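All figures in this text were calculated on a predicted structure; none of them were measured in a lab. Residue indices begin at 1 and follow the sequence shown.
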Amino acid sequence: DSSYGGNTFNGRTEFSVTGTGHLSLTQYVGTDLFNGDLVLNNTLTGQISFGISGGTAVLANGRTVSVGTLGYNAGYLLFRNFTQVGPTPQSLVLGNLAGLEYGTGNTFNGDITSTSGRLFFQGTTFNGNGRFTKTGPSGDGSVGNNVFNGQAEFTITSTGHLALHQNAPDAYNGNIY
């Protein structure tokens, strides 16, 4: 299922994929505004994506995007054209079989901590500190074009590897760990 955008969510909003489907928010040209906390769940191999074909999503100042009580155990979570307004810290903890992609056109203004089985970076600006943990055994290659304005820490807890900036350089304006 997909949405063209143009939606305003003023309260806590929770999306769940409990099968193999794909939920695509702000898929094309519109803008979705999230004025409350955004909670995401994925219990099987489905996918949730933002802005995959050009739409935008905006998370209001003081609000968070997080994983809900059902978990995000497998499948993919893709952020594209997603803007987090303000310095509120964000935390995304996905399962070992789940992939997380920070795609093109994103801006995260607060500190961010994420854990996921697969991990990809492509054209995102991180204005706060970032702590990124990859837990799965796969080899993940990222395109590049990212900007890390705060400290960036990358941790791999499995036999897999994480390749950054395979096609274009990243900018690191803070310390790298």
Enquirer: Out of curiosity, Leu25 CG to Ile48 CD1, how far, rounded to the nearest 0.5 Å?
Expert: 7.5 Å

Enquirer: Tell me whether Thr26 contacts the main-chain N or O of Gly51 through its side chain, where contact means a donor paired with an acceptor under 3.5 Å.
Expert: yes

Enquirer: side-chain contact (heavy atoms from CB on, under 4.5 Å) between Leu78 and Gln47: does it pass, once the steps are laid out?
Expert: CA-CA 8 Å; Leu78 290 88; Gln47 174 175 302; 3.4 Å; yes

Enquirer: Look only at the side chain of Asn146 and the backbone of Gly123, and say whether a donor-acceptor pair between them is shorter than 3.5 Å.
Expert: yes

Enquirer: For the residue pair Ser66 and Leu92, what are the closest heavy atoms and their distance?
Expert: CA-CD2, 3.9 Å

Enquirer: First locate atom CD of Gln90, then atom CZ of Phe108, and finally report the distance between them rounded to the nearest 0.5 Å.
Expert: 7.0 Å

Enquirer: Please check: side-chain N/O of Gln122 versus main-chain N/O of Phe120, any donor-acceptor pairing under 3.5 Å?
Expert: no

Enquirer: Are Asn129 and Asp111 close enough, and set up right, to give a side-chain contact (heavy atoms from CB on, under 4.5 Å), and what steps lead you there?
Expert: CA-CA 5 Å; Asn129 296 324; Asp111 292 350; 3.6 Å; yes

Enquirer: Any non-hydrogen side-chain atom of Leu38 less than 4.5 Å from a side-chain atom of Phe82?
Expert: yes

Enquirer: Can any side-chain N or O of Asn96 pair as donor or acceptor with the backbone N or O of Gly117 at less than 3.5 Å?
Expert: no

Enquirer: Is there a donor in the side chain of Thr124 and an acceptor in the side chain of Asn106, or the other way round, less than 3.5 Å apart?
Expert: yes

Enquirer: Let me check something: do Leu97 and Leu44 share a hydrophobic cluster, defined by ILVMFWY side-chain heavy atoms less than 4.5 Å apart, either directly or through other members?
Expert: no

Enquirer: Between Val58 and Val85, is any pair of side-chain heavy atoms under 4.5 Å apart?
Expert: yes

Enquirer: Is there a donor-acceptor pair closer than 3.5 Å between any side-chain N or O of Ser116 and the backbone N or O of Arg118?
Expert: yes

Enquirer: Taking only residues two or more places apart in sequence or in another chain, which ones pass ring-ring contact (aromatic ring centres under 6.0 Å, His included) with Tyr72?
Expert: none

Enquirer: Check whether any side-chain heavy atom of Thr56 sits under 4.5 Å from a side-chain heavy atom of Phe50, and report yes or no.
Expert: no

Enquirer: To the nearest 0.5 Å, what is the distance between CG on Leu33 and OG1 on Thr8?
Expert: 4.5 Å

Enquirer: On a heavy-atom basis, which atom in Ser114 and which in Leu119 lie closest, and how many Å separate them?
Expert: OG-CD1, 4.4 Å

Enquirer: Identify, with sequence neighbours excluded, every residue that meets ring-ring contact (aromatic ring centres under 6.0 Å, His included) alongside Tyr172.
Expert: Phe148

Enquirer: Under the salt bridge (charged side-chain N to carboxylate O under 4.0 Å, His left out) definition, can you give me all pairs with a residue in residues 30-51, not counting sequence neighbours?
Expert: none

Enquirer: Give the ring-plane orientation class for Tyr102 versus Phe79, where under 30° counts as parallel, over 60° as perpendicular and anything between as tilted.
Expert: parallel

Enquirer: Passes side-chain contact (heavy atoms from CB on, under 4.5 Å), Leu40 versus Val65? Steps please.
Expert: CA-CA 8 Å; Leu40 307 172; Val65 57; 3.9 Å; yes

Enquirer: Does the side chain of Thr43 reach to within under 4.5 Å of the side chain of Val17, using non-hydrogen atoms?
Expert: no

Enquirer: Answer yes or no: is there a donor N or O on one side and an acceptor on the other, between the side chain of Ser142 and the main chain of Gly144, under 3.5 Å?
Expert: no

Enquirer: Search all heavy atoms of Leu162 against all heavy atoms of Lys134 and return the closest pair with its distance.
Expert: CB-CD, 4.1 Å

Enquirer: Nearest heavy-atom pair of Ser24 and Ile52: which atoms, and what distance?
Expert: OG-CG2, 3.4 Å

Enquirer: Name the orientation class of the two ring planes belonging to Phe132 and Phe126 (parallel below 30°, tilted from 30 to 60°, perpendicular beyond 60°).
Expert: perpendicular

Enquirer: Less than 4.5 Å apart, any side-chain heavy atom of Thr135 and any of Ser158?
Expert: no

Enquirer: Check whether any side-chain N or O of Asn42 sits under 3.5 Å from a backbone N or O of Ala74 as a donor-acceptor pair, and report yes or no.
Expert: yes

Enquirer: For residues Asn61 and Pro87, determine if any side-chain heavy atom of one lies less than 4.5 Å from a side-chain heavy atom of the other.
Expert: yes

Enquirer: Please tell me if the side chains of Leu59 and Thr83 come closer than 4.5 Å, counting only heavy atoms from C-beta onward.
Expert: no

Enquirer: Side-chain donor-acceptor pair under 3.5 Å between Ser49 and His22, yes or no?
Expert: yes

Enquirer: Using the test side chain to side chain contact (heavy atoms under 4.5 Å, CB included), find all partners of Asn41 that sit at least two apart in sequence or belong to another chain.
Expert: Glu14, Ser16, Val39, Leu70

Enquirer: Any non-hydrogen side-chain atom of Thr107 less than 4.5 Å from a side-chain atom of Asn127?
Expert: yes

Enquirer: If I take atom OG1 from residue Thr115 and atom CG from residue Leu94, how far apart are they, to the nearest 0.5 angstrom?
Expert: 8.5 Å

Enquirer: Please name all residues satisfying side chain to side chain contact (heavy atoms under 4.5 Å, CB included) with Ala60, sequence neighbours left out, ordered by chain then number.
Expert: Asn35, Arg63

Enquirer: Nearest 0.5 Å, please: how far is CD1 in Ile156 from NE2 in His161?
Expert: 8.0 Å

Enquirer: Between Thr159 and Pro137, what is the shortest heavy-atom contact and its length?
Expert: OG1-CB, 3.7 Å

Enquirer: Indicate yes or no for a side-chain donor-acceptor contact from Asn73 to the backbone of Gly95 under 3.5 Å, with no hydrogens or angles considered.
Expert: no

Enquirer: Looking at residues at least two apart in the chain, or sitting in another chain, which of them share a side-chain hydrogen bond (donor to acceptor under 3.5 Å, both in side chains) with Glu101?
Expert: Arg80

Enquirer: Please answer whether the main-chain N or O of Asn109 pairs with a side-chain N or O of Gln84 as donor and acceptor at a distance below 3.5 Å.
Expert: yes

